[in-house]
Amino acid sequence: MNTSRRQALGLLGLGLSAPWFAGCSAREPQPDPFTLGVASGDPTAEGFVIWTRLAPDPLALDGLGGLHSPVEAQWEVALDPGLRQVVQRGTAMALPQTAFSLPVTLAGLAPGRPYWYRFTALGHQSRIGRATTLPPLASAPERLKLVVASCSHYENGFFSAYRHMTEENADLALFLGDYIYDSNFPATTQAVRRHGMPPATDLVGYRRRYALYRTDPDLQRLHAELTCLMTWDDHEVQNDYAGPWPANPHISLADFARQRQAAYQAFREHAPLRAWRTQGSGLRLYDRFNFGQLAQIHLLDGRQYRSEPACATDQTRGGHLVAADCPGRNDAGRSMLGEAQERWLMEGFRSNSTRWNLIAQDVLMAPLRQRLPNGDEGRWTDGWDGYPATRARLLQGVASSRVANPVTLGGDSHSFWVNDLHLDAEDERSPVVATEFIGTSITSNGPNYAEFAKLRPENPQIRFFESRLRGYLALDITRERLQADLRTITDRTRPDAARGTLASFVVEAGRPGAVPA
Ligand code: FE
Ligand code: CA
């Protein structure tokens, strides 16, 4: 209950309900509902979605941010940062059933330019956000700058990496998953800061998670200044889930379906997404975004439509090392993306005309030969090594469509990777058809460096690997070349960490494979 209501009820209890009191109460300042900042995303050449969520008490235990009945809000969009030249304005209702989130879809704007926007509600104004439309489809922009993030476990550290992403002067920000983490570290494990709430398993829990993450000042500023594209990985729902299958085989599919739907709803309430993306109990995230004729971003959903994980045990369907020939792993009938998304992706490759093609998704795509405890070759089931048939179809599709300059982007692995993707992914003698870049994590713990570094000799497709540093990818793309800067932060335990560059790689147009810049 907010202060003014508590006071009102207290006074009513004393019998003070005279008319003068009602008038007085209406003028009483209400708490700021814009504690979660603003965001923009889902851009086209004609518009984008602006977002806020009203939450005067962002971590309220009921997940509703301290509000209970509908609130009318105003929004305005202008040509200038001071909002003097407003080009569109309107009102929108914030409703309890969508946690008082306010996604507003704008159309009829000019292509390839910035706009500034602001919300007003409950006697307060939000900060002013900046959003950009995409360039006209037929245009030839000289340059595209992207910043790419994944894996920001709140308990692992401060979001300095997000702050430095904001300062890259990029055109767009890409979030490739594990934007929130559903679970907590054990109390005995060291944490830089704590979630301070139970693990998220229902709508209230997921709403409170997103609210907590969005109270972070570095993440708020990134969203206020950069238009984003968002896909997800597993921790937006639960570690290592796959389609309808929870990693824990002892959780019923029906219980997990309810949990997944709640998680998806909370994701959509906190992401700047168009209304049509809600489809039944699912969320249609995969889509294409054109930066004129310079680049197309094929944003994929690597979680929602997965086939049942191969080689599961009694204990887990989640990520674990299995023999390369374990039953089912190579079945052509299994899919990482689902049949519809695979078909859509191939059609996109065939109809594409842009200079570059960025395939942005959640997990490691290159094969990675690992070792089982008995010394045999092992493969990790939760990444593309768990769905090799889809990878083969994707790489064949890249080659047969001759889609120009494909570069894949991924997250999940909490480490930097620069990899060659071969036409036959398993055969390094076959031609390189695409290049893979994986950013490390914003904060999340990296895997053991020595364990992975010693796999390098039998994995020549890996050009670069580093798991000991946190950071992100900054991409600078022109017609001639794509440069990927592997950015790092000095210390995730400090909110004021500085930025560094671990390495830079270049892909020349027409020549797949990364070379040191
Ligand atoms: Fe992660
Ligand atoms: Ca993950």
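First listed ligand is number 1; within each ligand, the first listed atom is number 1.
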Task: Check ion pair Arg481-Asp476 (N to O, under 4.0 angstrom) - done: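 No salt bridge links Arg481 with Asp476.
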Task: Ionic contact status for Arg274 with Asp42, cut-off 4.0 Å - done: yes
- [ ] Let me know which of Asp240, Asp234, Asp301, Asp382 forms a salt bridge (Lys or Arg N to Asp or Glu O under 4.0 Å) with Arg306.
- [x]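 So, applying the salt bridge (Lys or Arg N to Asp or Glu O under 4.0 Å) to Arg306 and each of Asp240, Asp234, Asp301, Asp382, only Asp382 qualifies.
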Open item on the list: Counting backbone and side-chain atoms alike, is an N, O or S atom of Asp178 positioned under 2.8 Å from the Fe ion (ligand 1)?
Closed with: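 An N, O or S atom of Asp178 is closer than 2.8 Å to the Fe ion (ligand 1), so yes.
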Task: N/O/S atom of His414 inside 2.8 Å of the Fe ion (ligand 1), strictly under - done: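 Of the N, O and S atoms in His414, at least one lies under 2.8 Å from the Fe ion (ligand 1), which means yes.
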- [ ] Find, among atoms of Asp233 that are N, O or S, the one nearest to the Ca ion (ligand 2), and state its name.
- [x] OD2
Open item on the list: So, of the N/O/S atoms that Asp234 has, which is the nearest one to the Ca ion (ligand 2)?
Closed with: OD1
Task: Angle at the Fe ion (ligand 1) (to 10°), with one arm to OH of Tyr181 and the other to SG of Cys151 - done: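 Output for this angle: 100°, rounded to tens.
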Open item on the list: Before moving on, can you tell me the angle at the Ca ion (ligand 2) between the OD1 atom of Asp412 and the OD2 atom of Asp178, to the nearest 10 degrees?
Closed with: 130°
TODO: Mark yes or no for whether Tyr472, through its side chain, and Ser150, through its backbone, hold a donor-acceptor pair below 3.5 Å.
DONE: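 Such a contact is absent between Tyr472 side chain and Ser150 backbone.
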Task: Tyr179 and His223 aromatic ring geometry - parallel, tilted or perpendicular at 30°/60° bounds - done: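 Judged by the thresholds at 30° and 60°, the geometry between His223 and Tyr179 is tilted.
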